[in-house]
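Reading through the structure tokens given below for one structure.
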2 protein chains.
Amino acid sequence: MEIQRLTDKGFTTKTFQKDAIIYEPGMQPRYVYFIQSGEVRMVTISDDGKEFIQGVFKAGQYFGEPALLIDKPYLAFTIVNKVSRIIQVNRQDFFALIENEPDFSMSLIKTLSRRLFYKSMMLEELANEKAEHRLLTIINYLLPDVAVGAPLKVTRQELADMTGLRVETVIRGVKLLSKKGLISLSGGKIIRLE
Amino acid sequence: MEIQRLTDKGFTTKTFQKDAIIYEPGMQPRYVYFIQSGEVRMVTISDDGKEFIQGVFKAGQYFGEPALLIDKPYLAFTIVNKVSRIIQVNRQDFFALIENEPDFSMSLIKTLSRRLFYKSMMLEELANEKAEHRLLTIINYLLPDVAVGAPLKVTRQELADMTGLRVETVIRGVKLLSKKGLISLSGGKIIRLE
DNA sequence: TTATGAATATGATGCAGATCATAAATCGGG
DNA sequence: CCCGATTTATGATCTGCATCATATTCATAA
């Protein structure tokens with residue numbers, strides 16, 4: 001995996017504690033961040049303090065490239081969910097990585113494409129669909145990542161922050177979806193069937 | 001420019017008439033589309049027929065790569081705005097392009113990053129901000145592309161379809177923004193100052 | 001010019017979801 | 001097993017924007 005190759009090359013790891021802010025909107029990008037372990041969330045926060053989850057990144061993934069690549073200040077906060085060990089790769093080294101490692105370049109292209117896909121999907125939802133539809137869409141998007149019969153490890157608040165809704169609306173919406181048989185609940189948790 | 005190189009290599013051009021649908025949601029991607037001339041829009045359409053503009057593509061640009069790269073069916077329609085001459089590059093040739101032309105690969109990465117940036121910005125707007133704020137944001141996003149003193153060539157309906165609002169709301173919103181001095185109008189058109 | 005369709009405009013009404021308040025259930029750590 | 005904190009739950013009210021209806025203005029071709 002990419003992280004291994006980086007440590008082999010002598011890149012060092014930095015530890016960030018829970019709730020640490022790795023960068024915030026307006027800052028000029030200096031690094032691309034590769035996660036060795038832990039988890040971070042990328043969120044925008046409106047004037048009245050409401051978070052919107054732009055993405056969640058885990059071990060083996062990287063974040064912060066788009067801003068660095070097009071040389072524009074960050075739009076979002078990146079905040080640590082679980083203590084994380086992170087490799088900061090500066091602009092020069094990152095460009096070298098792209099130019100000298102064709103398979104990294106290809107995987108970056110695919111990663112960007114996947115994120116773009118997700119954002120296009122959510123944009124359509126936020127622009128045109130109402131609460132229940134939005135909820136069903138992210139739930140179905142998240143479910144394939146959990147084992148059959150296992151629950152979705154996500155709070156109603158997190159669903160709210162991914163869909164631009166409010167907790168109360170998510171709580172009511174999830175209940176309705178379950179009543180309609182479109183999802184199945186078990187002890188409050190959303191369960192993957194089949 | 002990339003298009004020139006493609007025609008040099010013997011790729012041929014196909015003409016699409018206004019309002020032609022190049023692809024639609026659910027279709028399996030087979031090509032990446034390079035625009036030689038003309039203009040297309042990429043839109044998602046909700047059950048009740050409301051369009052959301054995911055992007056607009058003009059001469060020299062290409063579209064359709066993300067779906068092809070991650071091998072998932074299209075999410076959106078791509079519809080011709082103005083008669084267009086388009087080069088269809090199939091999967092194999094497109095991958096060859098990425099692998100054999102390092103500068104194309106880099107420009108693709110930057111293009112994807114720019115689109116991602118735009119979508120992140122709009123997601124925050126649609127999730128958290130109300131009509132006036134959304135309008136000010138796209139207007140300020142679009143303005144740098146027009147000459148100083150020139151008007152924005154965009155209808156209220158198009159602004160509506162980019163922001164997830166309704167025409168009436170856009171009309172009232174634009175008027176308010178101008179009253180507040182946040183934008184300037186001239187004969188109904190939004191003007192770039194300085 | 002005038003006709004005709006598109007774009008802009010404006011008022012009235014309805015409704016989904018935000019907001020506010022308060023409570024019950026569940027969870028994680030000592 | 002208990003306790004404080006987090007998460008889920010539920011009702012009441014408020015509000016921004018959608019929706020509907022109907023003009024008016026603006027372009028463009030005949």
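Below, chain A is the first sequence line, B the second, and so on; all start at residue 1.
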Spacing between [X] atom [atom1] and [N] atom [atom2], to the nearest angstrom:
{"X": "A:Glu129", "N": "C:dA16", "atom1": "CD", "atom2": "P", "result": "15 Å"}
{"X": "A:Gln157", "N": "C:dC27", "atom1": "CD", "atom2": "C1'", "result": "17 Å"}
{"X": "B:Leu135", "N": "D:dC17", "atom1": "CG", "atom2": "C1'", "result": "12 Å"}
{"X": "A:Asp48", "N": "C:dA18", "atom1": "CG", "atom2": "P", "result": "12 Å"}
{"X": "B:Leu126", "N": "D:dG16", "atom1": "CG", "atom2": "C1'", "result": "15 Å"}
{"X": "A:Lys189", "N": "D:dT6", "atom1": "NZ", "atom2": "C1'", "result": "11 Å"}
{"X": "A:Ile171", "N": "C:dG17", "atom1": "CD1", "atom2": "P", "result": "15 Å"}
{"X": "B:Glu168", "N": "C:dA12", "atom1": "CD", "atom2": "P", "result": "15 Å"}

**OP:** Would you check, one step at a time, whether the test side chain to side chain contact (heavy atoms under 4.5 Å, CB included) holds for A:Leu159 with A:Ile190?
**Re:** CA-CA 11 Å; A:Leu159 289 177; A:Ile190 297 159; 4.1 Å; yes
**OP:** Anything under 30° is parallel, anything over 60° is perpendicular, the rest tilted; go ahead and classify B:Tyr33 against B:Phe63.
**Re:** parallel
Does [X] place a side-chain N or O at less than 4.0 Å from the phosphate oxygens OP1/OP2 of [N]?
{"X": "B:Arg166", "N": "D:dT19", "result": "yes"}
{"X": "B:Thr169", "N": "D:dC17", "result": "no"}
{"X": "B:Lys175", "N": "C:dA9", "result": "yes"}

Original post:
Starting at the 5' end of DNA chain C and moving along, which residue's nearest nucleotide shows up first, A:Gly187 or A:Glu132?
Top reply: A:Glu132
Original post:
Checking all strands, does B:Gly164 fall into the base, sugar-phosphate, or nothing category for heavy-atom contacts under 4.0 angstrom?
Top reply: sugar-phosphate
Subject >> Side-chain donor/acceptor of A:Arg134 to base of C:dG17, under 3.5 Å >> reply: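 Side chain to base: no pair present.
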Original post:
Can you find an N or O donor on one side and an acceptor on the other, under 3.5 Å apart, linking the side chain of B:Arg172 with the base of C:dG11?
Top reply: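 Such a pair is found, so the answer is yes.
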Original post:
Tell me, do B:Leu123 and A:Gln54 make a side-chain contact under 4.5 Å, heavy atoms counted?
Top reply: yes
Original post:
Transitively linked via ILVMFWY side-chain contacts under 4.5 Å: B:Phe57 with B:Tyr141?
Top reply: no
Original post:
Atom OH in A:Tyr62, atom OG in A:Ser107: separation rounded to 0.5 Å?
Top reply: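 Going from the OH atom of A:Tyr62 to the OG atom of A:Ser107 covers 4.0 Å.
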